[in-house]
Each structure stands twice: as C-alpha cells, then as structure tokens.
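Worksheet for the structure shown next.
Within every chain, numbering begins at 1; the chains are lettered A, B, ... in the order of the sequence lines, protein sequences first and strands thereafter.
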Amino acid sequence: DAKTTQPTSMDCAEGRAANLPCNHSTISGNEYVYWYRQIHSQGPQYIIHGLKNNETNEMASLIITEDRKSSTLILPHATLRDTAVYYCIVPSNFGNEKLTFGTGTRLTIIP
Amino acid sequence: IAGITQAPTSQILAAGRRMTLRCTQDMRHNAMYWYRQDLGLGLRLIHYSNTAGTTGKGEVPDGYSVSRANTDDFPLTLASAVPSQTSVYFCASSDYDRGLPAFFGQGTRLTVV
C-alpha cells in the first residue's frame, strides 16, 4: 500500500465545511484513494473513493490533485455526528492487498 | 441482508483457552482481513487473505492463525489466549481489483482474563 500522511487531529465548527487533507506521494498510476471513517467504537465506514477525477456522493466530496500526490475530503456541512476518526488509504491492487490503516485524523465538530 | 457478519459480539475468555472468532461475508469479495483495535489506537492488521486458499501475515500476526477454505468465511483463531490479546477485533472484506471499497463487520470485543 502507498504510504499516506494525515494530520493527527482537526476541529471544525458545526455547519461549516470540514476539509481533511491526505498526502500520498508514492501513489502509483492505477491506485485509488479511499476514505473511511470510524465513529466511536464502531467498524470503519466507507465514505468515498477516486482515481483521478474529483468525486462527490451523498456523504462527501473528494478532491484529488492533478499529480495525484494528495487529496482532500470535504464534508460540506459538518454536523456533530461527523465527529470521528477519518482514514485515507491507498490499497495496492497488485494482488497483495494488505490494506493497512494509518492513525487517521480525529475530526471534532464543535457546536 | 448483504454484508459482513462477525460472531460473537463480545466474549470473556480465560487465559490459555482456545477461541475462534467467526467472520462471514455474502458479497463474494475476494479479499478478507482481520484487524485489532486497542483503546486509543488505530487499526492494526493481523492477517489477510487475497483469495480463497491463500493467507498472509499483517503487522501483528503472532498468537493468531487464520484459514480461508472458501470465499465467504475467514475465521481467526487464538490458540492459547493471553491478556494482551484483549482488544476489539474487526473483520473486513473488499474487492479492490473491481474498484469496490472494503466493508467492515460490527466488531468482536474480546476480554482475556
């Protein structure tokens, strides 16, 4: 898996957009970027993924830089329920998918 | 209901006992994984399997074994439990080769006393 780097923690005001950065400078040309979050002690939840183009779904938007070495997850209108640990991962798709998670970013939504 | 199921939800186990945590998925995903998560720490990969019949070691494999006899099931066995194996265990499955994300089970909370 390509190594990813995320800030340890971030705060965001309720109702504002939360922008979570991730660096993945060793990403290969056909590797996707995936984002997950883990709320309290629940199992991680898939949010969104992308390869080159920006992506949007009902939960979030994903902006990937043109050189693909970094990305930003955007929660457009953060709510208290978005408080969680957010993980950015880049799994290898060459048949050796160890799927390792880093420590992620602990996002706290402030009322 | 499609998804991934773990059993049991929680367990208290005496040290030295053998225990198998069960994990079943019905999404026909090729890859499956076992993680442990300790208080305040991230997910650490124990073992994984990229396809039925193959397994591999993750970051913290010692004291654990797995098997992958078929696509759907990926049991994790603690041959002789020790207190340091007290943790929350998550199973996951994925099919990244098809561009599909991973799905996680609800976790098994194991306490070894």
Should we count CG of A:L80 as having more than 12 external heavy atoms under 6.0 Å? yes

Cluster question for you: counting only ILVMFWY and a side-chain heavy-atom cut-off of under 4.5 Å, with indirect links fine, are A:L107 and A:I74 together? no

Hydrophobic clustering (ILVMFWY, side-chain heavy atoms < 4.5 Å, transitive) - are B:L76 and B:V60 grouped together? yes

With a 4.5 angstrom heavy-atom cut-off, which part of B:Q37 approaches chain A: side chain, backbone, both or neither? side chain

Check each atom of B:R44 against the heavy atoms of chain A and say whether the ones under 4.5 Å are side chain, backbone, both or neither. neither

Salt bridge (Lys or Arg N to Asp or Glu O under 4.0 Å) partners of A:R81, counting only residues at least two apart: none

Residue A:Q38 versus chain B: region with a heavy atom under 4.5 Å: side chain

For a quick test of reading the model, state the closest non-hydrogen atom pair linking B:F90 to A:S41 and the distance between them. CZ-O, 3.5 Å

Transitive ILVMFWY cluster of B:I12, excluding itself - 4.5 Å side-chain cut-off: B:V113

Assert yes or no for the condition that the ring centre distance of A:F101 to B:F104 is strictly below 6.0 Å. yes

Under 3.5 Å: donor-acceptor pair, side chain of A:Y36, backbone of B:A102: yes

